[in-house]
S.K.: 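The structure follows.
Every chain is numbered from 1, with letters handed out A, B, ... down the list of sequences. Keep in mind that what you see is a predicted model, and the values were worked out from it rather than measured. Heavy-atom basis, side chains included; hydrogens, waters and symmetry copies ignored.
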Amino acid sequence: MNSAYVIRRLLQIIPLFLAVMVLIFVLVHLIPGDPVSTLLGDRATPDIVARANKELGLDKPLIVQFGLFVVQLLHGNLGESINLKIPVLRLIGERLPITLFLTVYAAVLGVLMAVPLAVLAAVRRNTWVDALIRGFFQFGLSLPVFYLGLQLLTLLGARLGLFPIGGYGETFGDHLFHLFLPALTLGLNLAAVLVRTLRSSVIEVLTAEYVDFARAKGLRSGVIMTRHVLRNAMIATVTLLGLNIGALIGGAVITETVFAIPGVGRLMVDAIFSRDYPVVQGLTLVFAVLVALVFLATDLIHARLDPRAEVV
Amino acid sequence: MTATLPATVTVAPVPRRRSLKPTLIIGLVLLLILLLAAAFPRLFTPFSPTDFDYTAILKGPTGKHWFGTDNFGRDVFSRVVHGTRIDLQIAFFTTAFPFVFGTLLGAVTGFRGRWGDAVVGRVADLVVVFPFLVLVIAIVAVLGPGLTNMYIAVSAVGWVSYWRLTRGEVLAQKKAEYAQAAQVLGYSPARVLLRHILPNAVTPSVVYLMTDMSLGILLGASLGYLGLGAQPPTPEWGVMVADGKNFMVTAWWISTFPGLALTLAGVTFSLIGDGLADALRPRA
Amino acid sequence: VTRGGQMVFGRYADSLFLDPVLNDANLDIWILTNLYDTLLQPTDDGKSVRPGLATTYVLSTDGKTMRLTLRPGIKFADGSPITSADVKFSLDRARNPDNGAWNGLLESITSVTAGNNLVTLTLKHPDPTLPAALATFNAAIMSQKLFNAAAGANDAAKAKAFAEKPVGSGPFVVSDWKRGSYMVLKRNPYYWKKGEDGKALPYLDTLRFEIIPDDNTRILKLQAGEIQGAEFIPLSRVAELKANPKLNMLLFPSTKVNDLILNNRPKLKDGTANPLSDVRVRQALNYAVNRDALIQLVTFGTGKPMKSFMSSATPLFDTTQKGYTFDPTKAKALLAAAGYKNGIDVTSMATSGSADDLALLTALQQMWGAVGIRLKIEQLDTATKTARYRANDFQMRTGAWTDDIADPSEITGYYAVFGATEAAHTGFKNDTIEKLFVQSQQETSRVKRAGLYRQIQTLYTNAAPTVYLYETPYPVALTKNVRGFSQIPLGYNIFERTSLEK
Amino acid sequence: MISRWRGQPVRAVQALTDVNLSVRRGETLGIVGESGCGKSTLARTLVRLYTADSGEVKYDGQDVMALQGAELRAYNRRVQMIFQDPFSSLNPRMTVGQVLREALSVHKMRPAEQIPARVTELLSLVGLPAEAAGRLPHEFSGGQRQRIGIARALALEPECLIADELVSALDVSVQAQVVNLLLELQERLNLTVLFVAHDLRLVRHLSHRVAVMYLGRMVEVAPTQATFESPRHPYTQGLLAAAPTLDPSRRSAAPAISGELPSPLNVPSGCAFRTRCPHAFERCAAERPLLKDTGEGHMVACHLYDPAEHASTATGAETERRAAATP
Amino acid sequence: MTGGAAPTAPLLSVRDLNVRIPTPGGELHAVRGVNFDLMPGEVLGLVGESGSGKSVTLRALLKLHRAPIRMTGEVMYGGQTQAGPPQNLLTLPDSRLRSVRGGQISMIFQEPMTALNPVLSVGEQITENLREHKGLRGKAALDRAAELLDLTGIPSPRARLADYPHQFSGGMRQRAMIAIALASEPKLLLADEPTTALDVTIQDQILRLLLRLREELNMSVVLVTHDLGVVAQTCDRVAVMYGGRLMETAGVNELFTHPLHAYTHGLLGSLPGADAHRRPLRPIPGGPPDLRRLPQGCTFAPRCTYATDACRAAEPPLMEVAAGHHSACIHYDKLPPIGGASVVESLIPETLVLDTLPEASL
Ligand SMILES: Nc1ncnc2c1ncn2[C@@H]1O[C@H](COP(=O)(O)OP(=O)(O)OP(=O)(O)O)[C@@H](O)[C@H]1O
Ligand SMILES: Nc1ncnc2c1ncn2[C@@H]1O[C@H](COP(=O)(O)OP(=O)(O)OP(=O)(O)O)[C@@H](O)[C@H]1O
Ligand SMILES: [Mg+2]
Ligand SMILES: [Mg+2]
């Protein structure tokens, strides 16, 4: 893995970014509805709407608006939210860390759940233990997040009072505590996906010659499991994890709603529904870059784990 | 030269078919049940899934209403059974196009490579980094709400997975000797790809298709939560779960039973997927 | 009463813009009066006004001048005095036609003159709505000095800067605001109102709004005692929470009406004929609605049938109005008379994700289906829905309205008068109503004005440009120890007398 | 000079052009060499699975590299390949009958109604029962699968067979069955065979002439007997010495050739073998030896046998070399 | 078993070894009653066709098979450092077995690409063995690892320790694997086709290396292969396996000159000989048996030209038919003599002496 590769990959994000930029601009302006009348609702007379549109520059031809958008972007400015009347960059700056925290937390919990259980299922494959683990995660995979989240909230939060209901707290420790349930909800879903692949790769790796070779060397089974089996089995899983984390970043909407977490997922949905163009555009661009970075990170980790991976 | 070839070599009687794995059998049986429920919902249900019964609002499960009734006095059991058709439809339509298109595209680009592959790769990148929800909402907003447009939105994104899977597999398979043999036998590229490589490269896609079907239904539920999915009074499991969420405390049965149905469908698809992975693996 | 303490109140969404003049949404309006005080204030029943920052107002006999006397010794939350100059500044800003969506409420004022502690308003014409308008959020009094000190080149920019942490004259002042997450209000030590104990209000030290979008989560948090109050309790949960001994489930009377807004035009946007242009069809739609059943199904018994286009809590609501009864036979007959023996197909837009809209339309599908009206539901996100109806591209849509001002003119101007928004975009226009409304806007006699409104309501009901459904209350749940909270029919959440008892 | 789109194997073809390696009708040419030396690449290039960027392969006077579409398919009908791996060389999802019928019908080898009969005929030709037609490849043993592969190639009635490691994957007892089949078919159908293998014993048994490759280059091409009895190139000699003989009484202690095969990505300059050659001298690093006829069709690419150039170094060595060259 | 010249106790003594593998198509009896002895310092070749059970046998010696595969019989190992009676490895508890595995007995696998862990550097894979069995850590372990690589003939060993298996060529991988196996200085090396994946020139190098190391370390070796040439060049004694059973065991010269089993006979006969250019070979007809459905009697009978009803009636046991020569063929005495010249031949003429090549003088 070399820095030239990283730089090249980073440069590749630029055309992607441009494509996303054009696409999102066209798309948000193509969909019917406009921010002003949505915000003003019933009471807005055509005059008022027209005036507000003029103030926001929404009366200009689309191509001009696009030009202005690009010019602003070049100055590092993502514009100002039409609804909240504060700079988009600030808005994202406030909310993104929460979502990222949640995402990483969920990924960590997901992996912590998936790895030992997948290994257990693989080692005890085709026994009731395996069936139980797979059944449990199938359950996790088949239930909508809002249902799962609410059940966890009701049970672990309200009934047993183990965790706070919603919110995310002030300090790092608070975050860990408050975001446990939402992270668990997302993590369960993630783990459900991971367990499937991880289990089959562990099974596959277990039959590999080098595992037998390791046993023939007289190594302890713990060493064999971690050094030889898991390291190899994780290779395929890391890519999958990357793909899923990418999806998680933008897909935490429902979790954020259920758990009252003011993250970007919720912001995005609100912004789309209210046609808050600058927010949608800004968030989309940030998402795209983030997801691309996650993919890059995944590839780098992959290369770390698998010396055979060609990173040139 | 007097070669002493054995006139014929006896061919050992190998069992023609590996016996189907129990998982696949259970999966197929469950699918059959689901299909029956989808085809003839009335056979199983004494009540209409849409008619109100003001005298039985929010009643818990009883001998009459097995799964209880909802806030309109509709029989939850009937709604769950009738929902089967919609949800299988969702499972089918959210995956049919992505599967066919993604697989074929993956086959062609994997086989041909070069610039077509590069272009599709870039488009796939774009699709993957673009927030899905924005796309769905945009498409639904332009075309109107409802399942059809949800299908379109999902299709616009869903093909990428199949494209990746098939492309990778075709890349691997085209190096296999049987594929090269087909080329050397002077078959047209189309024949080599479609008749020889594709059938051997489609398995991962088919297996993923099963997972994807569960995910499709689940997505339908999530979009239902945002009001972008099935439109009332259509009984759709995901939307039923979403609708029942306000009654989760007072009338748990409204969302729990459709939730179980979702799980059942998920289990069915995943059992079939695992079974198919096994059955489709060519025997060496 | 116990003083002090912090109350946490769960809101379903955060405010957007805390400027009294330039804000747009109920999310702002409904809490603004806790931050900004007005010259007059709506009474608790929302039907009339009482003194606020002004102790009295006097109208000239021709009704074209109003003189208000400011309360002595009043201060902004930073301790600076509230002067008549501030009042002039605020009212001028509020009525500036370039500013926001609300200036129309003060449209009758031609000039504001500030005297010592007197403010004189000169009017274009006698305006019976003016006292109510002065009790409305947009006429709140801001500090000219503080506002002008805010960063920004023009009014809009200053407003943005100022509204991030506004200092007003209301009982509370913003101390911390994390958008989308929480907003902390501190007690304004300079607030003029006195409590039961003779000391200054408010009782609470701090008031914290937590943003909890999901209904279930809000309730769970309330039940767990993590918050002391929660707004927008789903009506389906009301009975359950009422039975909870630890909670007070309150249903505050509101001016909220829930109706179906019909496109009355002969042709729909796509050029097809619109059966709803026939008054008989519209009446049939109204007759075919079983409001009592709807109230049970959708509002879980908490609503009451609409009798007029305006809510029964709106001033000058005519108590003799009957609205429409449930009469499917008559509905059928009317449809037949209109030439639709085989029924009609109609489509209604609904707000996607709104459980209430869905429940309502699902129920209507059933009821109307029985008389041959086949309803198709089209769920659209708010923006699309708004864009569609503003472009008259709809046949029916779910509608809901809450008054912002303690006067019937607002809702009437929107629903019954053609005006700029074509009678709530229905395209309905009744010449008599138009005339009566103009008259009512200058009629200072309450009795005569009530008579005009009675005629308007009757005419409107008969023409049925909308389908009357039900009125719903504001459902707020509080823990048992919370006292003195109210939400007035206009929706304002009033925390000035709220206290946490031991 | 030539480069295939990925690089190295190029040299295989380059050697071919230099040598003007020709295969006569009915002849069996054996090609041996270590793994990765380009045997398969050469075989595949000949059937146009790979295309040479430059250089020329002529079949019956036809430039094979220039063939396109129908012409190429017609060429492939005449020049068929059989593959090494009995497991992956058959489409696992097609029955033997389908495989053969497809080949027959695509190339219209027989009218439709005669196809089933021809399938049976082909199967019996390779010693398989007629009912084999209904079976899938996995139901056969490795040796039987190689027979199926041969039948598939024969379906097109080719003139030339290119057999890439045809029997390498088979056990000796079964290997012999397939070798016999190949011998018999060649006799009966007058086939030209290019037999690519690394088993020297088999190559000697089957071939009329043998070509030895090292790192993509031809180092020695000679009649079989000459190759095995008087190998000239040091590599050929080492290769033969390294092959384990079946005589337990003849064991040697020292390895025949030391060192590893260099990476094909980084072929040594001059003679590619010089890094492992016990006889390497300065010139071997500087100059690439060309394949030259050293008499009786025995061609070697080694400076030791290159009198013209070698003369300039030392005369003594020259005489010695001559003595060795004509034993 | 046959101590012959060396009257010491065998290092390894295998009795009635059976391995049964449950498969969906029925139980696969992969190894059936295998018996043999291995003397200290001896190289035993285990030959047989693909699928005859060589690898399964070898793995069973170290109890490497996992449930549901069942191993029965005795694998008596007498080479423990602390002198004591030989122990049955098949019944040894895992904790004790671990010190034997890799410590006393090492194994090298057929495919160095798949047997080396692709994600661990070669150095890590050697040092983990040193840590486990020699207690070496850190620098000491690295030094020793480099020494071992050097021993197997890998140039600049120190630098190559950090390389991953895929950065090695096939021959080097096999050397690395040997280095790993030798790290613990074992008494016994089990080599499962250590050269099958390699080119002849490399195979030649590796085999010479093994023989040299055997001398230096006085190891015993079990060498599994299906290449008779390799056997001839490397082994002291040979065991021929077919259908999960040992068919014949003999000293290596004995086996190549006087094979006493129809199968060995056929095997040697099917090889191309020097004198029969382009003549039909003499294959053994048919193919190897399906271990799930073994024929009645001698497993080789269906392919055997000498088979009689007696062969098909009962499976003949492995009997001593000559001194140190065991065979499981009831017709061992009726086999025609093997055409000595045609089988035991050398590939290259003995007359060719490499040194006669012209030497370039400079
Ligand atoms: N598609 C390819 N891309 C890159 N390199 C290739 C490709 N095919 C072959 N090579 C390289 O070309 C060289 C020659 O390979 P080839 O397969 O022809 O060797 P071979 O002599 O047939 O070896 P073997 O005995 O192992 O089959 C090797 O170094 C190989 O790695
Ligand atoms: N894990 C297993 N599961 C099922 N069958 C197995 C397993 N391992 C080995 N076998 C079967 O056991 C038999 C003997 O296999 P083994 O690997 O010992 O053969 P071998 O003599 O080593 O052959 P080769 O020369 O191909 O390595 C074969 O039929 C094989 O298919
Ligand atoms: Mg090859
Ligand atoms: Mg083996």
S.K.: A/Arg275 and C/Asp381: which non-hydrogen atoms are nearest, and at how many Å?
M.R.: NH1-OD2, 2.7 Å

S.K.: With only heavy atoms counted, which part of C/Glu226 is less than 4.5 Å from chain A, the side chain, the backbone, both or neither?
M.R.: side chain

S.K.: In Å, rounded to the nearest 0.5 Å, how long is the span from OG of A/Ser37 to OH of C/Tyr389?
M.R.: 7.5 Å

S.K.: With a 4.5 angstrom heavy-atom cut-off, which part of A/Thr154 approaches chain C: side chain, backbone, both or neither?
M.R.: both

S.K.: Using non-hydrogen atoms and a 4.5 Å limit, figure out which bit of A/Arg159 sits close to chain C: side chain, backbone, both or neither.
M.R.: neither

S.K.: Please classify the contact of C/Asn103 with chain A as side chain, backbone, both or neither, using a heavy-atom distance under 4.5 Å.
M.R.: side chain

S.K.: Between C/Arg179 and A/Ile86, which heavy-atom pair has the shortest distance, and what is it?
M.R.: CD-CD1, 3.3 Å

S.K.: What do you reckon, is CG of A/Leu74 surrounded by more than 12 foreign heavy atoms closer than 6.0 Å?
M.R.: yes

S.K.: For A/Ile165 and C/Gln223, run side-chain contact (heavy atoms from CB on, under 4.5 Å): C-alpha distance rounded to whole Å, both residues' side-chain angles, the deciding distance at 0.1 Å, then the answer.
M.R.: CA-CA 10 Å; A/Ile165 300 154; C/Gln223 288 169 331; over 6 Å; no

S.K.: Please classify the contact of A/Pro35 with chain C as side chain, backbone, both or neither, using a heavy-atom distance under 4.5 Å.
M.R.: neither

S.K.: If you tally heavy-atom pairs under 4.5 Å against chain A, which of C/Asn23, C/Ile212, C/Thr421, C/Asp98 wins?
M.R.: C/Asp98

S.K.: Among C/Ala25, C/Pro97, C/Ala156, C/Gly10, single out the residue with the greatest number of heavy-atom pairs under 4.5 Å to chain A.
M.R.: C/Pro97

S.K.: Write down the atom of C/Gly100, the atom of A/Ile48, and the distance for their closest heavy-atom approach.
M.R.: O-CG2, 4.3 Å

S.K.: Do A/Leu150 and C/Asp214 pass the side-chain contact (heavy atoms from CB on, under 4.5 Å) test, and can you show the C-alpha distance, the side-chain angles, and the key distance before you say yes or no?
M.R.: CA-CA 10 Å; A/Leu150 213 53; C/Asp214 192 85; 4.1 Å; yes

S.K.: C/Ser181 and A/Arg95: side-chain hydrogen bond (donor to acceptor under 3.5 Å, both in side chains), yes or no, with the steps?
M.R.: CA-CA 9 Å; C/Ser181 181; A/Arg95 306 229 186 163; over 6 Å; no

S.K.: Does any backbone or side-chain atom of C/Glu422 lie under 4.5 Å from a heavy atom of chain A? Answer side chain, backbone, both or neither.
M.R.: neither

S.K.: Are C/Leu22 and A/Lys85 side-chain neighbours, meaning at least one heavy-atom pair lies under 4.5 Å?
M.R.: no

S.K.: For C/Lys160, is it the side chain, the backbone, both or neither that has a heavy atom under 4.5 Å from a heavy atom of chain A?
M.R.: side chain

S.K.: Give the member of A/Pro164, A/Ser81, A/Ala52 that has the highest number of heavy-atom pairs under 4.5 Å with chain C.
M.R.: A/Pro164

S.K.: Distance check, rounded to the nearest 0.5 Å: C/Arg390 atom CZ versus A/Thr45 atom OG1?
M.R.: 7.5 Å

S.K.: Which heavy-atom pair separates A/Pro46 from C/Ala420 by the least distance, and what is that distance?
M.R.: CD-O, 3.5 Å

S.K.: Would you say the side chain of C/Lys178 lies within less than 4.5 Å of the side chain of A/Pro262, judging by non-hydrogen atoms?
M.R.: no

S.K.: Is C/Thr217 reaching over with its side chain to a backbone N or O of A/Phe259, donor-acceptor style, under 3.5 angstrom?
M.R.: no

S.K.: Heavy atoms only: give me the nearest C/Leu16-A/Leu39 pair and the separation to one decimal.
M.R.: CD1-CD1, 3.7 Å

S.K.: Highest number of heavy-atom pairs under 4.5 Å with chain A: which of C/Ala101, C/Ala424, C/Gly419, C/Ala163?
M.R.: C/Ala101

